[in-house]
There are 2 protein chains.
Amino acid sequence: MPVKKICYDYPHPALTTDIVIFTIQQQQLKSLLVKRSGEPYEGKWALPGGFVSMHENLRQCAERELAEETGVSGVYLEQLYTFGDPDRDPRERIITVAYYALIPSDKLQLRAAPDAEAVAWFAMDDLPKLAFDHDKILRKAKQRLSDKLDYSTIVFQFMPVDFTLSELQDVQQVISEEDVDKRNFRKWVLALDIIKETGKERREGRHRPAKLYRLKDRNKVDIIR
Amino acid sequence: MPVKKICYDYPHPALTTDIVIFTIQQQQLKSLLVKRSGEPYEGKWALPGGFVSMHENLRQCAERELAEETGVSGVYLEQLYTFGDPDRDPRERIITVAYYALIPSDKLQLRAAPDAEAVAWFAMDDLPKLAFDHDKILRKAKQRLSDKLDYSTIVFQFMPVDFTLSELQDVQQVISEEDVDKRNFRKWVLALDIIKETGKERREGRHRPAKLYRLKDRNKVDIIR
DNA sequence: TCAAAAGTGTTCTCTTTACACCCATGC
DNA sequence: GCATGGGTGTAAAGAGAACACTTTTGA
């Protein structure tokens, strides 16, 4: 806590980034929330986020928050929207630049030490009451994600290094909330020419094993169509 | 100038909105810039913009700036992106929430008193050197506009109340920078079912007069396809 | 041998593209 | 009467949607 105050000629807002962290678990789209331990909205769930420090840019701040909550880095992260209504925080005016991140299921295990806070994954169709305007942020993130599903290869960002086409299709269907024809889906995926066969397969259960595929470039998200 | 300073426990950034104001003039996509009269970047051209006051929300601020520079209100205005690199302004850290606005050509006449500043429209392919990171903002706005041309009815936001299909096609071509087939374009436009014939026509020159059309709902922008 | 998920092509429909001539007017 | 931009339809190609059976495995 600095003893010296920082002073300006005019009032300045505070600046935070909040992150909507999406992943797929148990065939559901889930989002990471943290339980607030102080006022305002004490005990309510909220998006992870925090103040932007003076030396870092907005994206770096979001990356830092993401790493603090999940231990994860190097995942898909995109600026979503900026929320700045005067009364969105009762303490002082706080502008938040919202980002959203997609966590592939294989990165999920390496959860960082939970920092003694209450942190939990919530299914998007079973959200608790949220602090501040965070429900608005979450809905906007969900909308952006759904939209991008249609005109980009963003769905692959949820996949582990090796995955089957059925798993991929499941993820697609969970997010878009509509069923996809298996043959058409596979045709579409293969035509994208962004995955390759690994030669390996996964057998699990008394049925034919599934071929494992891998992204040619795991970090690339293409705009298509 | 307030005599009393406003003080915080931690440093806060300043907050502005900057607006990319697009219009079509002389078959060119143009953007409004203002010449800076003070340091930094004195004499350089910059996007119109200004500080967000404490009682207004971000959109209201953008609307206010827009009205100050152009006298125009009630036009298409959308949040673009937030730029917040630590050193984007040499004086202090300034976060800017960029918006972009589209001005239809009939609203253009009613330019407000230019407020004694140097203000000018620049063709997008003939821009001067810009202050701060404003070239980055402008390019992003142009990109967003081009993208939306393909999946929304945003192009109509440039049109006056009454317009001909040829005028509309011109605008489309200027922004997308590619030629469109006349018959296919008209088929597409009419299939949208968002314009109606006015019954009037425009004759100008020694050729057949063109039918004038009007948007059924001038404020609506649909996502299509 | 049976249950369960993996894998695989073809046809039909709809959307998008390509393309050329007549029309109404002013000079 | 001629130059100028306004206005119009059809056919071919391509993209997207619909659809059902065989394969491989583990129990």
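Throughout, a chain's letter reflects where its sequence line sits, starting with A, and its residues are numbered from 1. Predicted model only: the values in this text are computed from it and were never measured.
- For A/R36 and A/D89, the salt-bridge test fails: no basic side-chain N is under 4.0 Å from an acidic carboxylate O.
- Atom CZ of A/R203 has 12 or fewer neighbouring heavy atoms from other residues, nucleotides or ligands inside a 6.0 Å radius.
- Heavy-atom contacts of chain A under 4.0 Å fall on DNA chain D between two terminal nucleotides, which in 5' to 3' order are D/dA17 to D/dA27.
- C/dG9 atom P lies 18 Å from atom CZ of A/F185, rounded to whole Å.
- Within the 3.5 Å criterion, the main-chain N or O of B/Q60 finds a donor-acceptor partner in the side chain of B/N57.
- Between the side chains of B/D18 and B/T96, at least one donor-acceptor pair of N or O atoms lies under 3.5 Å.
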For every nucleotide of nucleotides 14-27 of chain C, 5' to 3': is a protein heavy atom under 4.0 Å from its base (B), only from its sugar-phosphate (S), or from neither (-)? ---BBBB--BBBBS
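- Residues B/D135 and B/K129 are not paired through a salt bridge, judged by the lack of any N-O separation under 4.0 Å between the basic side chain and the carboxylate.
- With hydrogens and angles ignored, the 3.5 Å screen pairs a side-chain donor or acceptor of B/Q157 with a backbone N or O of B/R218.
- Using a cut-off of 4.0 Å between Lys/Arg side-chain N and Asp/Glu carboxylate O, A/E201 and A/R208 are scored as not salt-bridged.
- Below 30°, between 30° and 60°, or above 60°: for B/F22 and B/Y100 the angle between ring planes is above 60°, a perpendicular geometry.
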